[in-house]
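Scroll down for the structure; my scribbles are underneath it.
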Amino acid sequence: MKNWAYLIATLPCYVFAADVHIDVVGVSSAEGQIVLRVWDSSESYLKQPIFSKTVPVKNVANGELRISVSDPLSSECAINVYHDKNANGVLDTNWFGIPKEPTGMSNNPKGKFGPPSYQDAKIKLTGQEQVIRIKIEEI
């Protein structure tokens, strides 16, 4: 019974409608994969995503790749994508922790001495079909 109460209490936070399309812009090659991760709070941000998806880059066209998400997502969330060029499932970084692979966030914010904050990257999902463009680049 407790599980049902929790589920009902959290339902208003999630969008159950149309697909969300993420257009990843700046894909420089057709090798590897794009990793997409979604967080729904500043507490879980960059620690435990509520959703993740890996897509091969073979269908890239003119430096862009569309990833469609049909799963319900939180109505407020931050989305990160990175081009995992060597397909090892990890965002490779140098010894300072700076990414060696192209990465980007929803709202396309720039981090200062680290990744952008959750507040800078969070977006609102409307429940309608949406397209979110995220530019990835090497730092």
TODO: Only counting residues at least two apart or in another chain, list the ones meeting side-chain hydrogen bond (donor to acceptor under 3.5 Å, both in side chains) with S42.
DONE: none
Task: Same apolar cluster: V25 and I34, side chain cutoff 4.5 Å - done: no
- [ ] Could you check V131 against R66 for side chain to side chain contact (heavy atoms under 4.5 Å, CB included), going step by step and ending with a plain yes or no?
- [x] CA-CA 9 Å; V131 176; R66 176 167 280 188; 3.6 Å; yes
Would you mind writing out the side-chain donor-acceptor pairs for residues 48-65 within the sub-3.5 Å range, not counting sequence neighbours?
from, atom 1, to, atom 2, distance (Å)
K53, NZ, S68, O, 2.7
E64, OE1, R133, NH1, 3.4
E64, OE2, R133, NH2, 3.4

TODO: Can you measure from CD (Q128) to CG (D19) and round to the nearest 0.5 angstrom?
DONE: 12.5 Å
Open item on the list: Starting from V90 and following side-chain heavy-atom contacts under 4.5 Å between hydrophobic residues (I, L, V, M, F, W, Y), which residues can be reached?
Closed with: none
- [ ] Starting at NZ of K122, measure out to CE of M105 and round the result to the nearest 0.5 Å.
- [x] 13.0 Å
Task: Partners passing ring pair (Phe, Tyr, Trp, His ring centres under 6.0 Å) against Y45 (at least two apart in sequence or in another chain) - done: W39, Y118
Task: Apart from L91 itself, residues in the same hydrophobic cluster as defined by side-chain heavy atoms under 4.5 Å - done: V35, Y82
Open item on the list: Same cluster or not: I134 versus V20, using hydrophobic residues (I, L, V, M, F, W, Y) connected whenever any side-chain heavy atoms lie under 4.5 Å apart?
Closed with: yes
Which donor-acceptor pairs under 3.5 Å do the side chains of residues 95-103 make with protein atoms, sequence neighbours left out?
from, atom 1, to, atom 2, distance (Å)
E101, OE1, D92, N, 3.0
E101, OE2, K85, N, 3.1
T103, OG1, N80, ND2, 3.2
T103, OG1, V81, O, 3.3

TODO: Mark yes or no for whether N86, through its side chain, and G32, through its backbone, hold a donor-acceptor pair below 3.5 Å.
DONE: no
- [ ] Please check if the side chain of D84 supplies one atom and the backbone of Q33 the other of a donor-acceptor pair under 3.5 Å.
- [x] no
Open item on the list: My understanding is that only residues two or more places apart in sequence, or in another chain, count here; which of them pass salt bridge (Lys or Arg N to Asp or Glu O under 4.0 Å) with K124?
Closed with: E76
TODO: Nearest 0.5 Å please: distance from the CD1 atom of I136 over to the CG atom of N108.
DONE: 11.0 Å
Task: E31: partners by side-chain hydrogen bond (donor to acceptor under 3.5 Å, both in side chains), with sequence neighbours left out - done: none
TODO: Under the side chain to side chain contact (heavy atoms under 4.5 Å, CB included) rule, what do I79 and L36 come out as? Steps first, then yes or no, please.
DONE: CA-CA 7 Å; I79 301 171; L36 176 139; 4.2 Å; yes
TODO: Using the side chain to side chain contact (heavy atoms under 4.5 Å, CB included) rule, pick out the option among P115, P116, S117 that qualifies with L46.
DONE: P115
Task: I132 side chain near L125 side chain, heavy-atom distance below 4.5 Å - done: yes
